[in-house]
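Encoded as structure tokens, the structure appears first; notes follow it.
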Amino acid sequence: MLFNNQGISYDISHEGEETILRLDYENAMEVPSLEDSENCMSDTVDKLVSNRNVTKIVFSQKRDYEYEFNQTRLLVEIARAYAHLIKQKALFNYESLSLHQSNPVITKMASEKYAELQNIIFNKLKRDPLGTYMELRRIIRKEKIEVDKSLDNAYSNMLERYVQVLSYIIKLLEETKLISLSKNIASGMEIGDRSIYRRIFTPNIKPDFMFTKYMAAYPKNAEEIDSYTAKGSEVIVFKLKHNVQNLYHITPPEFRLEEEKYEILDLARKIMSEHKPEKQEFVDPARMREVFIAVGRDLIEELAEYKNVKLKNAEVEELARILVRYTVGFGIVEALLEDEKIQDITINSPLGNIPAFIVHQDYDYCRTNLVPTLRDAESWASKLRMLSGRPLDEANPVLDTEILIPGTANARVGVIGQPLNPTGLAYAFRRHRDKPWTFGLFIQNRMMNAQAAGLLSFFIDGARTMLVAGTRSAGKSSLLGSIMVEVMRKYRIISIEDTLELPGVSLRKLGYNIQQMKVSSALSKNSSEVSAEEGIRTTLRMGDSCLFVGEVRSTEAKSLYEAMRVGALANVVAGTIHGDSPYGVYDRVVNDLGVPKTSFKATDLIVVANPIRSADGLHRWRRITQITEVRKLWENDPIQEKGFVDLMKYNSKSDQLEISEDLMNQDSDVIKSIAENVKEWAGNWDAVWENIMLRAKNYQTLVDVSKKLNNPELLEARFAVEANDQFHKISDKIKEETGSYDSKRIFFEWNDWLKREAKALKSGK
């Protein structure tokens, strides 16, 4: 640790490829700022003269103010120019200017010019390089006029020599990027006016208690296209002038605190960090949060009293939650996950200079104003190891798991490290919706229509086997979760996943008989967890159950098809798989995963979900694009032998799933197979189709009532499950009374129930 002549300590450190100049301004009388403070800029240039390899400048004073490479190099160049001028003693000495004149008048004038030059080089240049440059230009103009007016050769020669020296300095400065970038816009600026520096230097601000850097300044020449609040964080979305990506600018509450609160938080973090959470504390994340928030609340109150700072209860609560976020939590990632419009977060390596990126519900791919650091990454990695029980090291450079942040969100997390990622750690967080998706929500968001929902509901009650296919981020898991919500609560459900994404916990709270099973990831090595293949086989020994497999990726495919063959006509068996079409699913299952063709025929339905893009590529929407049944009477190629029959297919012009000609012509083996097992429907296509359309009408009515009453809760899982229960109860009741499933009567009674319940829900009864 070194000290300058003002007693400000500084040091040079190295982090990866970065060389960091850190200056401690904790005891300084002014806030450190290159853009606002002449003293701060002068002091920094002094340090850079002897440390010209610095790539980042950091000032510490309650918070860290960090100037990244592009800004640091501007001052490094000024420091080099300054150092070069210091060495040119022969050029700037008194004798050089006076040209060894014996004339006392010339000698006196040369002495004044020499003093002016010394002040410019050794004082002004470090404090205000732009102002110095503009002043030099003005002096030259003035001296040239004096040369032209002068009749004294000795005086003219001295002035010309002075102009040459000043021109040399100007040329040297114009070779620096700071001057070349600013000389045009600096024209007319007043000496001492630092407003132009505020357009050039914008530090990232990082409070002491966190690692993530925050770019507070709004982008220049950008258009604000949206703004909203997400659980206390202020969000502004900007359209950037020279970038196809939008900027997602978030200001969480921790960046808006008063200095005294920052002090309290920093002290509290240091105290809390002495406690290293054990693995068992992460078993119940909700309980762990409650305990640490309670401890944090008491600690904040004690520190506030010690610092003589008065805090309201709400302020104590806010600080306690921020404290927990940056101790046992996942820091700034949690602030991003609090925004329900964020779908994905990606954090690339090397960390420290690259912003986090997101996928936004309305604005697709965006960069953010948050820059995670290596310390962030290492902290998250250690917590994820404890949470998952899975390794993350050179022998196991991939970790796939999930995090649950009570009251915020749950998310799937993918991490890659060395040697797979040669530059360190990188993360991908996929945010799951706080509550399970439902068919009503899919309809509301135009991801499918009511007819598709009615058809899928019919297949679910008909205990069909199905695969939900699609590309990455197509909404496969969301759709599979909504299918689970449609299963009647009287049935038992078993879900199998390597990373828990399906809404098992939510369904359990809704009264479902559900058992979740977690198996080893296909990417994990040396894991003590049970394989997905063994997990699926185990379900066959656990009694009569609906089976949902989170993702079919490897050898478990054969076991899944064994379950499909055993479970066909008894219970729903469903899973997700990567594939953009029915044939893509066939190719993956048969050719890649080694399932025999005859076993593949155990699939009754393939539901394809794919993203739809706008023509300019700037927008993307999730849609169900196909509902296809798999026929059984083909031998070699399901395409050539019409093994795939579309029941519904997406029409990009209407932006809707449309009923296919085959379905309109009553050509569906799956529907007929379901009908054969219901006495009232056997051989009666009209009655079957009427029931499918009744279900569709129910879903559309539910969506319409939700919109009319402005009550989104009607589309959430809790109400959707009750609505489904009522539909089945009313259907059975009318069947007993009339001997048939009278669609008109069923809808009348169900709609009457819906109106009563919606009204009661709105009034809070």
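As the structure is a computational prediction, the values presented were derived from the model and not from experiment.
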Point to revise | Pair Glu175 + Lys171: basic N to acidic O under 4.0 Å | key: no
**Study point:** Ile354 CD1 to Thr346 OG1 distance, which is reported to the nearest 0.5 Å
**Key:** 10.5 Å
Check your understanding: Do any N or O atoms from the side chain of Arg367 and from the backbone of Gln245 form a donor-acceptor pair under 3.5 angstrom?
Key -> no
Check your understanding: Does any donor atom in the side chain of Glu30 or Tyr25 lie under 3.5 Å from an acceptor atom in the other side chain?
Key -> no
Check your understanding: How far apart are the C-alpha atoms of Asn421 and Ser349, what are their side-chain angles, what is the distance that settles it, and do they pass the side-chain hydrogen bond (donor to acceptor under 3.5 Å, both in side chains) test?
Key -> CA-CA 8 Å; Asn421 177 18; Ser349 65; 2.9 Å; yes
**Study point:** Salt bridge present between Lys312 and Glu315 (N-O < 4.0 angstrom)
**Key:** no
Review point. What distance separates Leu48 CG from Lys126 NZ, expressed to the nearest 0.5 Å?
Key: 11.5 Å
Exercise for review: Kindly compute the distance separating CD (Glu254) from CG (Leu319), expressed to the nearest 0.5 Å.
Suggested key: 10.5 Å
Check your understanding: Is Gln361 atom CD crowded by more than 12 heavy atoms from other residues, nucleotides or ligands, each under 6.0 Å away?
Key -> yes
Exercise for review: Evaluate the ring planes of Phe429 and Tyr427, with Trp represented by its six-membered ring, and classify them as parallel (under 30°), tilted (30 to 60°) or perpendicular (over 60°).
Suggested key: parallel
Review point. Does the ring of Tyr228 carry Lys341 above it, NZ/CZ under 6.0 angstrom from centre and within 45° of its axis?
Key: yes
**Study point:** Tyr10-Asp46 side chain donor-acceptor pair, cut-off 3.5 Å
**Key:** no
Review point. In Å, rounded to the nearest 0.5 Å, how long is the span from CG of Asp376 to CG of Leu425?
Key: 11.0 Å
Check your understanding: Salt bridge check: are Asp400 and Arg412 linked by an N-O gap of less than 4.0 Å?
Key -> yes
Review point. Under 6.0 Å from the CZ atom of Arg73, do we count more than 12 heavy atoms belonging to anything else shown?
Key: yes
Check your understanding: Hey, are Asp193 and Ser195 close enough side-chain-wise for a donor-acceptor pair under 3.5 Å?
Key -> yes
Review point. In Å and rounded to the nearest 0.5 Å, what is the CD to CG distance from Glu263 to Asp266?
Key: 8.5 Å
**Study point:** Atom pair CD/CD1 of Gln71 and Ile57 - distance to nearest 0.5 Å
**Key:** 8.5 Å
Check your understanding: Any Lys/Arg nitrogen of Arg137 or Glu174 sitting under 4.0 Å from an Asp/Glu carboxylate oxygen of the other?
Key -> no
Review point. Any ion pair linking Arg289 and Glu334 (charged N to carboxylate O, less than 4.0 Å)?
Key: yes
Check your understanding: Could Arg194 and Asp36 be called an ion pair, given the rule that one side-chain N must be under 4.0 Å from one carboxylate O?
Key -> no
Point to revise | Tyr67 and Phe201 aromatic ring geometry - parallel, tilted or perpendicular at 30°/60° bounds | key: perpendicular
Check your understanding: Does one side chain, of Tyr218 or Glu224, offer a donor that lies under 3.5 Å from an acceptor on the other?
Key -> no
Review point. Should we count NZ of Lys231 as having more than 12 external heavy atoms under 6.0 Å?
Key: yes
**Study point:** Ion pair Arg385/Asp393, N-O distance below 4.0 Å
**Key:** no
